[in-house]
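The basis for the numbers below is simple: all heavy atoms, side chains too, and nothing from hydrogens, waters or symmetry mates. Letters A, B, ... are given to chains in the order of the sequence lines, protein chains preceding strands, and every chain is numbered from 1.
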Amino acid sequence: MNCRSEVLEVSVEGRQVEEAMLAVLHTVLLHRSTGKFHYKKEGTYSIGTVGTQDVDCDFIDFTYVRVSSDELDRALRKVVGEFKDALRNSSGDGLGQMSLEFYQKKKSRWPFSDECILWEVWTVKVHVVALATEQERQICREKVGEKLCEKIINIVEVMNRHEYLPKMPTQSEVDNVFDTGLRDVQPYLYKISFQITDTLGTSVTTTMRRLIKDTLAL
Amino acid sequence: METDLNSQDRKDLDKFIKFFALKTVQVIVQSRLGEKICTRSSSSPTGSDWFNLAIKDIPEVTHEAKKALAGQLPAVGRSMCVEISLKTSEGDSMELEIWCLEMNEKCDKEIKVSYTVYNRLSLLLKSLLAITRVTPAYRLSRKQGHEYVILYRIYFGEVQLNGLGEGFQTVRVGTVGTPVGTVTLSCAYRINLAFMSTRQFERTPPIMGIIIDHFVDRPYSSASPMHPCNYRTAGEDGSGTHPSVEDSQEVCTTSFSTSPPTQCVFTVTKAHFQTPTPVVTDTLRVPMAGLAFPHQPAALGVGSADLAYPVVFAAGLNATHPHQPTVPGKEGGGLPFAPSNQPAHGAQADQERLATCMPSDGAHCVATPSSSEDTETVSNSSEGRPSPHDVMETIFVRKVGAFVNKPINQVTLTNLDIPFAMFAPKHLELEDADPMVHPPTSPETGSPLQGSLHSEGSSGGSSGNTHDDFVMIDFKPAFSKDDILPMDLGTFYREFQNPPQLSSLSIDIGAQSMAEDLDSLPEKLAVHERNVREFDAFVETLQ
């Protein structure tokens, strides 16, 4: 099975990085999260309810929708914060990218460790611009808002192609497909990583892999 | 086609599409209320949330949607449309968006109804949640209040995009294939937000008592009046007193199977929030009696066909409904029938609300639900242009510079006129008494104001006339009282604000110099020709 890969690019001001990334990541995860599964006898299961909430951005004229899960929001904010700091501290010209990868675990026999099979990867490339005047910043607020609207439409378009999704797992397999560690929602297994591109254009400096849940080590 | 789909699947599918349509309308209207929406996730299934999404049901909206659907489902040529428009306080209105739920003929026979279709419809609703925040009307709706309100209208039938102006854009939210057709959800939205209603936008006061409604010539105008998006009923958040949630009575306790889809056990039950002892279990298979709605305005989704349900009925049934079935509940007597005026919500109440939510009361309408919502949303809707009352007040305040000791009442005499009307000498007494205008130590006292008024008019040049019109009468610059210099900033400014024009810019002198230049040209050329060799050498050094 081929992994589906989507790339989005945004140009933002430094203070807009966090909100822009959160908007994109939350929108993707909104579509890739379900309610918590409750397995019953006879191999049936029922699904919990996913709530949603609107989030207004402070530095962008934009509002996005995320699932109502504080745990998930905290996890995303943490990694986006690290990305923002890395961007700020880098000597490059403000180029970086974040990757949100959805994967399935495939159990391998001992002594081999479990395999991670990616089935969807979202990459968001960020270009940080520096603006001098307040008027430019105001225009940037609106422009970035419009750009994000386009990105959301792109994301929704991909989501509604109804391409490959992992099969609904049995109870024993659910942790191979979903992240069951959150209290209120259940996203597909995912990991978020980011890279900062330094001035030479090579992506060497920092490649960090973060697992939101310590489920496996690659 | 029918034989391919067994009757149970067909019934389930119809039910899914019906509730999908209702939830779609809820999402769209709620997104245009002007507030942030927040619902909670719940890890244990309550059995009342369709498509596993927490989407509240505003009763009036559901009522309107059902009225529009009139028991039908979206089909080919029959789309469910939600029209969002804007109406200003002056009565102008403009269509902003049309959301369409359509069905086309392309069928997907292989798809599993109770599993795949259901999950895909859920995904489509999530996409709708995201897309409704992205179209231009969202930001407009967040700012509604004093100047304009956002209205919605639901109709069923052919999609009408005429009112969106030229160059409207469409965005497709998504599609879901089913065995009976493909469900498509899309939005057409206006991009030209300049006011272009059917009459020209002009600043004439509206005729008293008549609001010109450009829906008059619409075929559906009588059937589906516009409703404001920014009102709510009390107790809509599910408090017990208001039996308004009866529409979600038709709950969907979905059990999915992890085995091959053919073994999927899908059960649908009816239950009521307020029922103290729920009779239903999730293994009870309840015969679906079809979706025919009785054409009674007060019926709220529970038709006579549902008599077969051996479960407790919703307490929201109107006890005064003539066709009220005697509920054959298994519980026998003691059914919790709340005395319900709820169906009076129907058209009449809507119209009343429409009346009370006219933009002059915009603040009232917006403020009503604010107790539980963020206060910032209320202030958002109140910001922007000051209300007409505020604007009127500012006209009467004459601007006086900072640090002026003059009491305000003295300066309000010449309030209503434009500032330059104070030209007249009779007002000069005020100026003479003003310490800012006449600093005691200034050698130029007398009336510098008067001086500047008349000075340049008499001195030569062409500059004076135009400048006289713009002389500052009461220039009171801040921080201009300077003890060091004998002259203060205001005086200095007035003295030197009309400098004489540069001589080279005056026409006569300009003409003279041009003639001189032309005469001197031949001599200059001769000089240059003599020095040609030097010039060439210089050029060569540059290369």
Side-chain angles (χ1 to χ4, degrees), chain A residues 23 26-27 30-40 42-56 61-70 72 142 145-146 148-153 155-157 159-162 165 167-174 182-186, chain B residues 27 31 35-49 51-55 115-116 119-120 122-124 126-136 138-139 142 171-177 185 253-259 261 263-267 282-283 374 376-377 380:
Chain A
H26 268 303
T27 301
L30 168 70
H31 289 82
R32 293 286 179 248
S33 299
T34 72
K36 296 282 288 180
F37 282 12
H38 294 272
Y39 286 91
K40 295 178 281 213
E42 302 155 10
T44 60
Y45 61 95
S46 57
I47 309 182
T49 302
V50 172
T52 57
Q53 61 186 78
D54 292 335
V55 181
D56 288 336
D61 284 346
F62 187 69
T63 301
Y64 61 92
V65 181
R66 68 170 177 90
V67 292
S68 292
S69 167
D70 290 338
L72 185 64
E142 294 162 8
E146 287 167 20
L148 283 178
C149 290
E150 289 172 25
K151 301 305 163 198
I152 302 302
I153 294 176
I155 293 171
V156 161
E157 195 192 353
M159 294 296 180
N160 275 274
R161 284 185 211 151
H162 300 304
L165 279 181
K167 213 166 53 151
M168 285 297 152
T170 58
Q171 190 167 10
S172 53
E173 298 276 306
V174 69
L182 299 175
R183 258 200 315 261
D184 37 19
V185 294
Q186 189 173 288
Chain B
V27 167
S31 72
E35 305 160 353
K36 290 202 293 193
I37 304 294
C38 179
T39 57
R40 295 183 59 182
S41 301
S42 166
S43 64
S44 44
T46 58
S48 58
D49 293 316
F51 307 106
N52 307 117
L53 283 173
I55 298 173
Y115 172 77
T116 311
N119 286 336
R120 288 186 181 179
S122 176
L123 194 71
L124 188 51
K126 290 175 184 171
S127 298
L128 181 65
L129 280 163
I131 295 283
T132 43
R133 275 62 174 173
V134 147
T135 52
Y138 179 73
R139 301 220 71 82
R142 289 292 298 269
V171 58
R172 171 126 73 130
V173 182
T175 61
V176 173
L185 188 52
T253 314
T254 54
S255 290
F256 293 97
S257 168
T258 53
S259 352
Q263 292 178 22
C264 180
V265 172
F266 180 72
T267 60
D282 56 359
T283 55
D374 289 343
E376 61 163 36
T377 58
N380 276 346

Proximity breakdown for B:Arg133 and chain A, heavy-atom pairs closer than 4.5 Å: both
From the list A:Glu146, A:Met159, A:His31, the residue making the most non-hydrogen contacts under 4.5 Å with chain B is A:His31
Look at the aromatic rings of A:Phe37 and A:Tyr39 and report parallel, tilted or perpendicular, splitting at 30° and 60°. perpendicular
Quick one: does B:Lys36's side chain get under 4.5 Å of B:Arg142's, heavy atoms only? yes
Specify which of A:Leu148, A:Thr34, A:Ile153, A:Ile155 makes the most heavy-atom pairs with chain B at under 4.5 Å. A:Ile153
Please flag which part of A:His38 lies under 4.5 Å from any non-hydrogen atom of chain B: side chain, backbone, both or neither. side chain
Out of A:Val55, A:Val50, A:Val185, A:Ile152, which one racks up the most heavy-atom pairs below 4.5 Å with chain B? A:Val50
By side chain to side chain donor-acceptor pair (under 3.5 Å), which residues pair with B:Ser42, not counting sequence neighbours? none
Could you tell me which residues satisfy salt bridge (Lys or Arg N to Asp or Glu O under 4.0 Å) with A:Arg32, sequence neighbours excluded, listed by chain and number? A:Glu120
Looking at side-chain heavy atoms only, is the closest gap between B:Ile55 and B:Thr39 below 4.5 Å? no
Considering only heavy atoms and a distance below 4.5 Å, find which of B:Leu53, B:Thr116, B:Thr132 pairs most often with chain A. B:Leu53
